[in-house]
Amino acid sequence: MLSADQLLDALLERAVSVTETETVSVTDVLGRVLAVPQTSAITVPPLDNSAMDGYAVRVADVAVPGVRLPVSQRILAGTVGMPLQAGTAARIFTGAPVPEGADAVLMQEYCSAEGESVVINTLPHSGENIRRAGEDIRSGAQVFAAGTRLGAAEMGLAASVGLAELPVFKKLKVACFFTGDELVAPGKPLQPGQIYNSNRYTLTGLVNGLGCELIDLGIVPDTLEATEAALEGAASIADVVITSGGVSVGEADYVKAAVEKLGRVEMWKVAMKPGKPLVYGRVNDADFIGLPGNPVSAFVTFCLFVRPFLLKRMGAADVLYRAFAVQADFSWHKPGARREFLRARLQPNGKLALFPNQSSGVLTSCAWADGLVDLAVGQTIQPGEWVRFIPLSELLS
Ligand code: AMP
Ligand code: MG
């Protein structure tokens, strides 16, 4: 059985980035991956400008507080003023270019307007409240490396250097199906023995959240024929096929057999809890990942393994999550034989609480949690001990 680290390494080794690109308007690039590095053709901000509403002065003109200076001009954002005459002040507003000769801007709260003059009630420091030209970006500098995932801040940053479109990798096509004779779609009543297909919705959120194109093939019955047919169809239209359920060693588990028949299984089983049964294989040109059926196992294994795999497949450069040391506010007395990922929540005291039921069937634990405590084999925990914590924010974005 592979360790979680071995499985992740093996998956990333096999994850080959898509190569096809397209050009997309910056308004529509949320969640996409940049295909080509971008440099700025301009300096941002283009000119020294005021960080405050107030008065631009020459520091040398304000030797003592209480100096009165005539106001020689008004400079609004979007206009450029005249060079500042010595012995005068310029009324200036936030974002307006600082006039040549001025070397400080005084907040209007430190000044009193008196007719056509202003009384400066404080001593300015050179450079005070001046945002320097180029302090954000210099002309010619790289703004984004290839492989950058484009979020809201990146969209704004691209626009700030004047980019209207960006070259991004084509969306990765991910086909999903869900095995289990017990599964029913929400909206229909449950018969005895049936459960709702929650994994479909969890995976829809996860796959869409990464910016992949989801092809949802629905529920597949527990027979080898149906599983094979679904797999063959999925592999012919998608870059990656993801399933849930049917990967253990039960009598109704046909996923691994179907992959073996149509392609090959390269990895099976990972030494962790939740989520031991997990299959990676290839079917024709598609990658195949079979997740466990238990809802918590499917969620956790997707976050820890499938997410980095898909991100690398999408062309992203930065695919690994970060873990942080956080203090436990709980005890754990059950040393495990497998590495274990516990659903935990950060409390206002900055320490971690555990969801009381850590069963792999209790999906409430995932909705409640804001991260996973990563327990080593045999590890026990006393309150106050520092543990390895992976925030869900590292795993869901
Ligand atoms: P399996 O791996 O197919 O043996 O499934 C393990 C457990 O997960 C069983 O209790 C299944 O009923 C449950 N399960 C499988 N698929 C789903 C699903 N799509 N949604 C919710 N629970 C599921
Ligand atoms: Mg099943």
Side-chain angles (χ1 to χ4, degrees), residues 1-2 4 7 174-209 212 214-231 233-234 238 240-261 265 267-281 288-307 310 338 340-341 343 355 357-369 396:
M1 204 172 351
L2 294 173
L7 175 64
V174 178
C176 293
F177 64 86
F178 309 91
T179 72
D181 286 339
E182 71 278 34
L183 301 178
V184 175
K188 292 185 188 155
L190 286 182
Q191 302 302 321
Q194 296 184 324
I195 59 167
Y196 286 120
N197 178 11
S198 63
N199 286 345
R200 175 190 183 212
Y201 298 83
T202 308
L203 282 175
T204 298
L206 291 167
V207 171
N208 284 336
C212 300
L214 175 67
I215 305 164
D216 185 348
L217 301 171
I219 296 167
V220 171
D222 286 323
T223 66
L224 183 59
E225 298 70 43
T227 310
E228 263 184 58
L231 184 57
V240 181
V241 179
I242 301 176
T243 63
S244 86
V247 284
S248 319
V249 286
E251 279 178 18
D253 294 329
Y254 294 107
V255 170
K256 185 165 164 271
V259 178
E260 272 163 349
K261 201 153 165 213
V265 167
M267 280 100 79
W268 182 44
K269 287 191 179 173
V270 50
M272 62 178 274
K273 202 176 160 189
K276 184 163 78 175
L278 188 146
V279 174
Y280 171 84
F288 173 84
I289 299 175
L291 298 177
N294 277 308
V296 175
S297 309
F299 177 78
V300 171
T301 53
F302 185 100
C303 291
L304 295 176
F305 306 111
V306 184
R307 177 185 173 274
L310 291 180
R338 284 178 273 157
E340 193 155 354
F341 295 89
R343 272 72 65 213
F355 193 76
N357 186 336
Q358 293 286 329
S359 155
S360 62
V362 175
L363 195 51
T364 308
S365 66
C366 297
W368 177 89
L396 294 181

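Ligands are counted one by one from 1 in listed order, and the atoms in each one are counted from 1 as well. As a basis for the values below, the full set of heavy atoms in this structure was taken, side chains included, without hydrogen atoms, waters or symmetry mates.
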By number and element, which atoms of ligand 1 are closer than 4.0 Å to a non-hydrogen atom of [X]?
{"X": "Y196", "value": "20 (N), 21 (C)"}
{"X": "N197", "value": "18 (C), 19 (N), 20 (N)"}
{"X": "I195", "value": "12 (O), 21 (C), 22 (N), 23 (C)"}

In the protein, which heavy atom is nearest to [atom], and how far is it?
{"atom": "atom 23 (C) of ligand 1", "answer": "G293 O, 3.3 Å"}
{"atom": "atom 3 (O) of ligand 1", "answer": "G246 N, 2.9 Å"}
{"atom": "atom 6 (C) of ligand 1", "answer": "N294 N, 3.7 Å"}
{"atom": "atom 18 (C) of ligand 1", "answer": "N199 ND2, 3.2 Å"}
{"atom": "atom 4 (O) of ligand 1", "answer": "D253 OD1, 4.0 Å"}

Quick one, V306 with T301, criterion side-chain contact (heavy atoms from CB on, under 4.5 Å). Give me CA distance, side-chain angles, the key distance, then yes/no.
CA-CA 7 Å; V306 184; T301 53; 5.7 Å; no
Can a donor-acceptor pair be found, under 3.5 Å and without considering hydrogens, that links the side chain of [X] to the backbone of [Y]?
{"X": "W268", "Y": "V247", "result": "yes"}
{"X": "N197", "Y": "L183", "result": "no"}
{"X": "Y196", "Y": "K188", "result": "yes"}
{"X": "S359", "Y": "G361", "result": "yes"}

Rounded to the nearest 0.5 Å, how far apart are [atom1] of [X] and [atom2] of [Y]?
{"X": "L190", "Y": "I195", "atom1": "CG", "atom2": "CD1", "answer": "8.5 Å"}
{"X": "I219", "Y": "E182", "atom1": "CD1", "atom2": "CD", "answer": "9.0 Å"}
{"X": "M267", "Y": "L7", "atom1": "CE", "atom2": "CG", "answer": "5.0 Å"}

Nearest heavy atom to atom 21 (C) of ligand 1: which of G361, P277, S198 does it belong to?
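Going through G361, P277, S198 one by one, S198 has the nearest heavy atom to atom 21 (C) of ligand 1.
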Please determine whether any non-hydrogen atom of G180 lies less than 4.0 Å from an atom of ligand 1.
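Not so, G180 does not reach ligand 1.
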Is the shortest distance from a heavy atom of E182 to ligand 1 less than 4.0 Å?
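Checking ligand 1 against E182, which is what was asked, there is a heavy-atom contact under 4.0 Å.
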